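We name chains A, B, ... by the order of the sequence lines, and we start the count at 1 in each one. Reckoned from all heavy atoms, side chains included, excluding hydrogens, waters and symmetry mates. Bear in mind that the values here come from a model prediction, so they are computed numbers and not experimental data.
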There are 2 protein chains.
Amino acid sequence: MTTTVLLVDDHPVVRSGLRAVIEAGDALVVVGEAATGEQAITLAGHLHPDVVLCDLRLGSGIDGIRTTIELRALDPAPVVLILTTFDRDAEVLGAIEAGAAGYLLKDVDPEVIVEGIRRAAAGDMVLAPDLATRVLKGMRSPLPKLTDREIEVLRHLARGATNKEIARTLFVTEATVKSHLAHIFTKLDVDSRSRAIHVAQETGLI
Amino acid sequence: MTTTVLLVDDHPVVRSGLRAVIEAGDALVVVGEAATGEQAITLAGHLHPDVVLCDLRLGSGIDGIRTTIELRALDPAPVVLILTTFDRDAEVLGAIEAGAAGYLLKDVDPEVIVEGIRRAAAGDMVLAPDLATRVLKGMRSPLPKLTDREIEVLRHLARGATNKEIARTLFVTEATVKSHLAHIFTKLDVDSRSRAIHVAQETGLI
DNA sequence: AGCGGCATCAGCCATTTGGCTGATACCTGA
DNA sequence: TCAGGTATCAGCCAAATGGCTGATGCCGCT
């Protein structure tokens, strides 16, 4: 019984590499490739692959998490395995919550990827070893929930804007910006804008 | 006359993909693969490839620019073609200054990569279209040269450290840290730590 | 109708940060 | 030997930042 796989990655080169790696064995067969999340959803609806191997970052369109959610809503729902370069906490959790069966880092050896797909197809949870603890850690101290406005302020912060500049851009007073910042600092458990930026980038909040 | 190519990328999957893409035609042959810059330099010294296709980000070891410099110091020196996902100004310039014959973005189609290698091997300069203007723009305002100490301070800055913390870590007084920061700010043409962090990240300084 | 969350704003005050000027010491290369 | 770059430190001062307390209006949910 061969397992069918759909590849989703915005880089043609990576797709070629995955295809080469996956088809080197004979238990897996790549039935399709998609460059965007939208394409992946359409293709999966037609091809009914057993497993979808999906990059988290998909360029301009919808991201891997959104794609995962849509894929899992299909009937029959494919097993979704997330593949990515970075191991940001927020994204690990996001992917798992979205219904992904696991999470592989791109810098692992081919056989690990193949083995991951095999195990995911069998219904196992697949996590890169150094990620398992991270996920658990994340479970213990769930990501702080920032409001949309706070995220917006955070983005300006990360671009190096001063309170005054942020205030001007958002058409509010500096007092308001300071208020948002105070909340952000509390939620992120930091006490300076620099560290807030750092934490936000670390956890993938922005 | 076939052109020999050495692949340098820390992701096995990407190497597989590049190999598949490159060897699809018959004008190019991949003679080796390296996962790190150090490995690339050693291999290039033995294999004497015509072209080295090198990722800018190589994980933990030396980066693509450093690798380029070392490769260009070999005799005979291979043509170095930089491949990467991001089009950061600093890195474009850095790579060109380091002697790279060009710069390709990873998200292009296979044939563009093959064509790029062919042209680089022929002695052409290869720049992704949307990068040419960027390079020229960058030429006008060359990258500021920071000292080692300043880079060190900048890293701590980017991790959100206060002046006091940086001072403690580096075993100097706060006055010294402030002095370094003043120089950094002047060189980066900014006036706040947040913006310094942003510029440093944008330009790939850290 | 009331409660909680959110976005908005204000004032006060201590700390941090950044601009400026200037000094010492070391090292390297002309 | 001298100039220039680097790293180190100091003091002064203005501006930005962060902590605190508190207030208003809006919206959605119960």
Among all residues two or more places apart in sequence or in another chain, which pass the salt bridge (Lys or Arg N to Asp or Glu O under 4.0 Å) test with [X]?
X: B:R159; value: none
X: A:R15; value: A:E33
X: B:E165; value: A:R195

message = Let me check the geometry of the helix from C:dA1-D:dT30 to C:dA30-D:dT1. What is the bend angle between the axes at its two ends, five pairs each, to 10°?
response =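 Roughly 40° between the end axes, to the nearest 10°.
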For residues 175-184 of chain B, tabulate all N or O donor-acceptor pairs below 3.5 Å that involve a side-chain atom, not counting sequence neighbours.
from: B:T176; atom 1: OG1; to: B:T173; atom 2: OG1; distance (Å): 3.3
from: B:H183; atom 1: ND1; to: B:S179; atom 2: O; distance (Å): 3.4

request  = Evaluate the criterion side chain to side chain contact (heavy atoms under 4.5 Å, CB included) for residue pair A:T42 and A:E38; output intermediate values, then yes/no.
outcome  = CA-CA 6 Å; A:T42 306; A:E38 291 84 348; 5.6 Å; no
How many Å lie between [atom1] on [X] and [atom2] on [N], as a whole number?
X: A:R195; N: C:dT16; atom1: CZ; atom2: C1'; value: 13 Å
X: A:I166; N: C:dT8; atom1: CD1; atom2: C1'; value: 16 Å
X: B:D148; N: D:dT6; atom1: CG; atom2: P; value: 10 Å
X: A:H183; N: C:dC9; atom1: NE2; atom2: P; value: 14 Å
X: B:H180; N: D:dG5; atom1: NE2; atom2: P; value: 17 Å
X: A:L170; N: C:dT8; atom1: CG; atom2: C1'; value: 12 Å
X: B:L146; N: D:dG5; atom1: CG; atom2: P; value: 15 Å
X: B:E165; N: C:dT16; atom1: CD; atom2: C1'; value: 12 Å

Taking only distance into account, with no hydrogens and no angle test, what donor-acceptor pairs under 3.5 Å do side-chain atoms of residues 117-126 of chain A form with protein atoms, sequence neighbours excluded?
from: A:R118; atom 1: NE; to: A:E115; atom 2: OE1; distance (Å): 3.3
from: A:R118; atom 1: NH2; to: A:E115; atom 2: OE2; distance (Å): 2.9
from: A:R119; atom 1: NH2; to: A:M125; atom 2: O; distance (Å): 3.1

Results of side-chain hydrogen bond (donor to acceptor under 3.5 Å, both in side chains) for A:R149 - residues two or more places apart only =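 In terms of side-chain hydrogen bond (donor to acceptor under 3.5 Å, both in side chains), with neighbours along the sequence ignored, A:R149 is linked to A:E152.
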Considering residues at least two apart in sequence or located in another chain, which fulfil the side chain to side chain contact (heavy atoms under 4.5 Å, CB included) criterion with [X]?
X: A:I41; value: A:I62, A:T67, A:E70, A:L71
X: B:A34; value: B:V8, B:Q39, B:A40, B:L43
X: B:V14; value: A:V13, A:V14, B:D9, B:H11, B:L18, B:K106

note = 5' to 3', nucleotides 9-30 of chain D under a 4.0 Å protein heavy-atom cut-off (B base, S sugar-phosphate only, - none) gives BB-----SSBB-----------
Collect all protein-nucleotide pairs involving nucleotides 26-29 of chain C in which both atoms are nitrogen or oxygen and the distance is under 3.5 Å.
none

request  = Check whether any side-chain nitrogen or oxygen of A:T147 sits under 4.0 Å from OP1 or OP2 of C:dA7, and answer yes or no.
outcome  =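 True: A:T147 side-chain N/O within range (under 4.0 Å) of C:dA7 OP1/OP2.
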ask   = Is the number of heavy atoms from other residues, nucleotides or ligands within 6.0 Å of CG (A:D109) greater than 12?
value =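 Atom CG in A:D109 is crowded, with more than 12 foreign heavy atoms closer than 6.0 Å.
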